[in-house]
Amino acid sequence: MKKALVLVLFIQWICTVGFGQSEKMQWFADAKLGIFIHWGIYAVNGTDESWAFYNKKMSHSDYMEQINGFLASKYDPYEWVDLIKESGARYTVLTSKHHDGVALWSTQTNHWSIPKHSPAGKDVLTPFSAAVKEAGLKLGVYYSILDWSHPDYTGFTKDSSRYAIKDNPERWEKFVQLNKIQLQELMVQQNPDLWWFDGGWEHSAEEWQAPMLGKMLREHNPNVIINARLNGEGDYDTPEQNFPIQRPDEKYWELCLTTNNNWGYQQNDKNWKTPEEIIAIYTDVVCNGGNLLLDIGPMETGQIPHEQVEILEALGDWNRKNGEAVFGTIAGLPLGHYYGGSTYSKDSTCIYLFLNGNESGPIQVKGLMNKVLKAAFLNGGEEIEAKVVGKISWSQKPGLLFLSWGQKRKLRSQTIPVLKLTLDGPVRLYQGKGGL
Ligand code: GLC
């Protein structure tokens, strides 16, 4: 009896914690590409988002002065969403409030906001959320839990702070309540699919009351996904700018990346990554089981810089041709089997090999136990030769697979072409030391 009860409880636990988690994460795991949007008053003079006053490149009042230039005069959330959709992205995350404390929505709290303090004079978050949902994309809301502009927040600039929590716990509690109220407003008004927290590093989970905030958000929407920056509450990891060298152990992760050197719009930053570089990073992320959250920074008018439009269009073009190898796939061959990136179809009966654009073949795959039924390029579908060499008839060990295409396809002008191998069943790999 006791045993049966334990078993029932265990099954219940698996359903809520185990299976529940992977079920709610499924859209995220399949999505592969998201677009991050940093839009705020920093776009007015092209200063570092929030960090400009924190790092004392300018005074706080000069920084906040920018709010008077935030016009949003050409802001069309439908245009943004069309572009995001065209890129192939399945979700998007907009900065509802950065570390400078300026809310893009009509907050009832007594604090900075675009509707109340800028000439734009309107909520610029809610129409975006509506357009995102209408387009069938998933909505992410970025929220900075630290707020260097708020009089009740502890930190201010890199070498000055307002107070220490231990000396004034009531004041800190007032700040925690501000976060709670703002998050409640966002939760009810925007009902995001994903919360992208930031700024958690300045305090402990206990100080932020992170478990209380996490519980509140999950009670409102049990399927909501939370990134790992609400100390201890996260569903997935968020490496930033720097690509992990090893395939991360975490089941779910997302690399966030700028298109030039900055998150927000800066007219002087011309250090654009090329579309080819972005696609190379994107496919590498996907081959290692992650998502790419690629950032754009609209101007204060709401226009998206044309370089970013071009990058998103190029991504869209690539995704339309090769999306089969990306969306809904899983991380591919472990290191050592193929010198490049690869993904598997979800049932692992297909392997997608990502090629360097200059590749002329043949390429080699080691340790593949399966028979290759067909090898063909995506986007055009030319079938190519899959030749196995070195297979010993009476040995269980596989031979070496060589794929060559000779003159069949000129790869030189293409960005990351993809070869699809259709196997005789789910992938089986040999990982031994060779020999007979
Ligand atoms: C960092 C920065 C912030 C930026 C964020 C995006 O946490 O503080 O400015 O918005 O990364 O990932």
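All ligand and atom numbering here is 1-based and tracks the order in the structure.
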Exercise. Between Asp62 and Thr47, is a side chain to side chain contact (heavy atoms under 4.5 Å, CB included) present by the stated rule, with each step listed?
Worked result: CA-CA 11 Å; Asp62 283 350; Thr47 59; over 6 Å; no
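Shown here for Tyr430 and His337, the closest heavy-atom pair between the two residues is O-CE1, 3.4 Å.
By the 30° and 60° cut-offs, the orientation of the rings of Tyr142 relative to His99 is tilted. In this structure, Phe36 and Trp196 have tilted ring planes: the angle between them lies in the 30° to 60° band.
A side-chain contact (heavy atoms from CB on, under 4.5 Å) with Thr92 is found for one member of Ile296, Ile84, Leu33 and no other, namely Ile84.
Within 4.0 Å of ligand 1, contacts by protein heavy atoms are made from Phe36, His38, Glu49, Trp51, His98, His99, Tyr142, Trp196, Asp198, Trp201, Arg229, Glu240, Cys256, Trp263.
Checked against the 6.0 Å centroid criterion, the rings of His60 and Tyr54 do not qualify as a close aromatic pair.
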